[in-house]
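Note that these values count all heavy atoms, side chains included, but never hydrogens, waters or copies made by symmetry.
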2 protein chains.
Amino acid sequence: MSVPSEKAVGSENRSRLSAADWERAALDAIAEYGLAGIAVEPLARRLGVTKGSFYWHFPTREALLKAALERWEREDEEEIFGPLVPIADPRARLRELFGRIAHELPSHVIFAALLKALDHPLVLPVIERVSQRRLDFLTVAYRQAGLDEVAAALRARLAYTAYAGFLQLARAGLPRISHEEFERYMEHVMETLLPAPD
Amino acid sequence: MSVPSEKAVGSENRSRLSAADWERAALDAIAEYGLAGIAVEPLARRLGVTKGSFYWHFPTREALLKAALERWEREDEEEIFGPLVPIADPRARLRELFGRIAHELPSHVIFAALLKALDHPLVLPVIERVSQRRLDFLTVAYRQAGLDEVAAALRARLAYTAYAGFLQLARAGLPRISHEEFERYMEHVMETLLPAPD
DNA sequence: ACAAGTCCATACGCACAAGTATGGAACGGC
DNA sequence: GCCGTTCCATACTTGTGCGTATGGACTTGT
């Protein structure tokens, strides 16, 4: 076989690292410390190597950030929104989407971190694309739920900003909320932001 | 007179600086560059002095940040929410509040910047206090508008997160919106987040 | 086994911002 | 007009992170 015997599984265990390992570590760092957390030497320490390793895989720090963002955008699309599409009932689809925000999925945590770094030239276009897709997603759902074209677009914008704001303030900034309180809150959001199921 | 002849007007013009001048410059820097923008030497350049001046007025960078945050919290309370309280009709009061977000008042821009720095130990308690006050503000308004206790609290939370999310995404991340579009959006928000005026 | 390529460690240079030390200019009271 | 206080400039030191240079170790094909 011309292909190496082991390489597809991912981080495998220790020994040599791949570019993908660095990208994953970068995303973990973003989730934990924000964009500033993605620094070469700290990441190297975290991975048990030195930056000599890093600069073999990537020409610069920005290159890692770019690669990590592309990876996140791709995985987020697949893991978060992919499973939502086949849900036929738009009401159930929206409920499922909102419900997922509560479970602090890594992808959501990274999204929240990226929202705080919209001034960065590499982050902005990613968030713009993601936001547009999510707005479209919401607009379609609201359209299917019975709202007219205009109302659906407006309601989607409202829901999306509420979604982003909640993500931003849930971890800190607002009094922590219990599981039951969150359920009641979700119920209220659904009642408020969804038209009655005629 | 034992008091100096000039000192209350503010930055006056050039010549000597006061601690308040540094605090104001710090808030400007936060609005423009975020929390990272509040750095001693850049601020000194901006003010036309060197950091020798700074370290006379403040013992450390954190001290300036603390003072600037206190100043913002105080001014924000007075300038933004103060004029809203006397508005008797809760519906008009809420409309006025939401309407102000559009005009990018400095205080709102700073608030948006601070929302991006909730991980900072000096910023967090400020935002917690401000958020609590605004939640209370909204809850009272919704209560007066006819919602029961529980619904008012939930609706306040929804409105506040939408408020924060809009602030976060309005300047970048979502397609820019025209003035008329914003008016239509505001109308939709009011219809959706306010109970019908029985 | 040997050479070529792959991956990483070590040791630099550089930029930039925080904080310190110290001396000097400008302003106030008397 | 003198003097002490107030305010600021200059010149350090220290820390940290990006990027480079270079050599060594490990892997792989033949």
Side-chain angles (χ1 to χ4, degrees), chain A residues 1-26 29-30 32-68 117 120-122, chain B residues 1-26 28-30 32-68 117 119-122:
Chain A
M1 339 299 193
S2 57
V3 293
S5 57
E6 55 163 357
K7 83 167 205 301
V9 198
S11 68
E12 198 74 13
N13 47 9
R14 48 196 165 297
S15 74
R16 323 283 273 254
L17 297 177
S18 70
D21 293 323
W22 282 96
E23 295 170 14
R24 264 183 273 271
I30 290 178
E32 194 163 353
Y33 306 105
L35 245 224
I38 176 178
V40 177
E41 278 163 324
L43 274 181
R45 278 194 291 274
R46 199 183 173 101
L47 285 170
V49 291
T50 67
K51 58 182 184 174
S53 168
F54 174 82
Y55 284 102
W56 193 91
H57 294 287
F58 296 92
T60 174
R61 176 183 174 271
E62 295 259 289
L64 170 64
L65 177 56
K66 187 168 154 59
H120 195 290
L122 284 178
Chain B
M1 341 302 192
S2 58
V3 294
S5 57
E6 55 164 358
K7 83 167 206 300
V9 197
S11 67
E12 197 73 14
N13 47 9
R14 47 197 165 295
S15 75
R16 323 283 274 252
L17 297 177
S18 69
D21 293 324
W22 282 96
E23 295 170 14
R24 263 183 273 272
D28 290 348
I30 290 178
E32 194 162 356
Y33 305 105
L35 245 223
I38 176 177
V40 178
E41 277 163 326
L43 274 181
R45 279 193 292 273
R46 200 184 173 98
L47 285 170
V49 293
T50 67
K51 56 182 185 174
S53 169
F54 174 82
Y55 284 102
W56 193 91
H57 294 286
F58 296 93
T60 173
R61 174 183 176 271
E62 295 259 290
L64 170 63
L65 177 56
K66 187 167 154 57
D119 50 313
H120 195 292
L122 284 179

Has the side chain of B:Arg46 got a donor or acceptor atom that lies under 3.5 Å from a matching backbone atom of B:Ala26?
no
Would you please classify the geometry between the A:Trp22 ring and the A:Phe54 ring as parallel, tilted or perpendicular, with 30° and 60° separating the classes?
perpendicular
Atom CZ of A:Arg45 and atom P of C:dC8: how far apart are they, to the nearest Å?
17 Å
For A:Tyr55 and D:dT22, give me the distance from atom OH to atom P, rounded to whole Å.
17 Å
Taking every non-hydrogen atom, the tightest pair across B:Val40 and B:Arg61
CG2-CB, 4.3 Å
Yes or no on side chain to side chain contact (heavy atoms under 4.5 Å, CB included) for A:Glu23 and A:Phe58, after CA distance, side-chain angles and deciding distance?
CA-CA 10 Å; A:Glu23 295 170 14; A:Phe58 296 92; 4.0 Å; yes
Per-nucleotide protein contact string for nucleotides 5-16 of chain D (B base, S sugar-phosphate only, - none; heavy atom under 4.0 Å):
-BBBBBB-----
Separation of B:Phe58 atom CZ from C:dT20 atom P, in whole Å?
16 Å
Check for a donor-acceptor pair, side chain of A:His57 on one end and backbone N or O of A:Leu17 on the other, with a separation under 3.5 Å.
yes
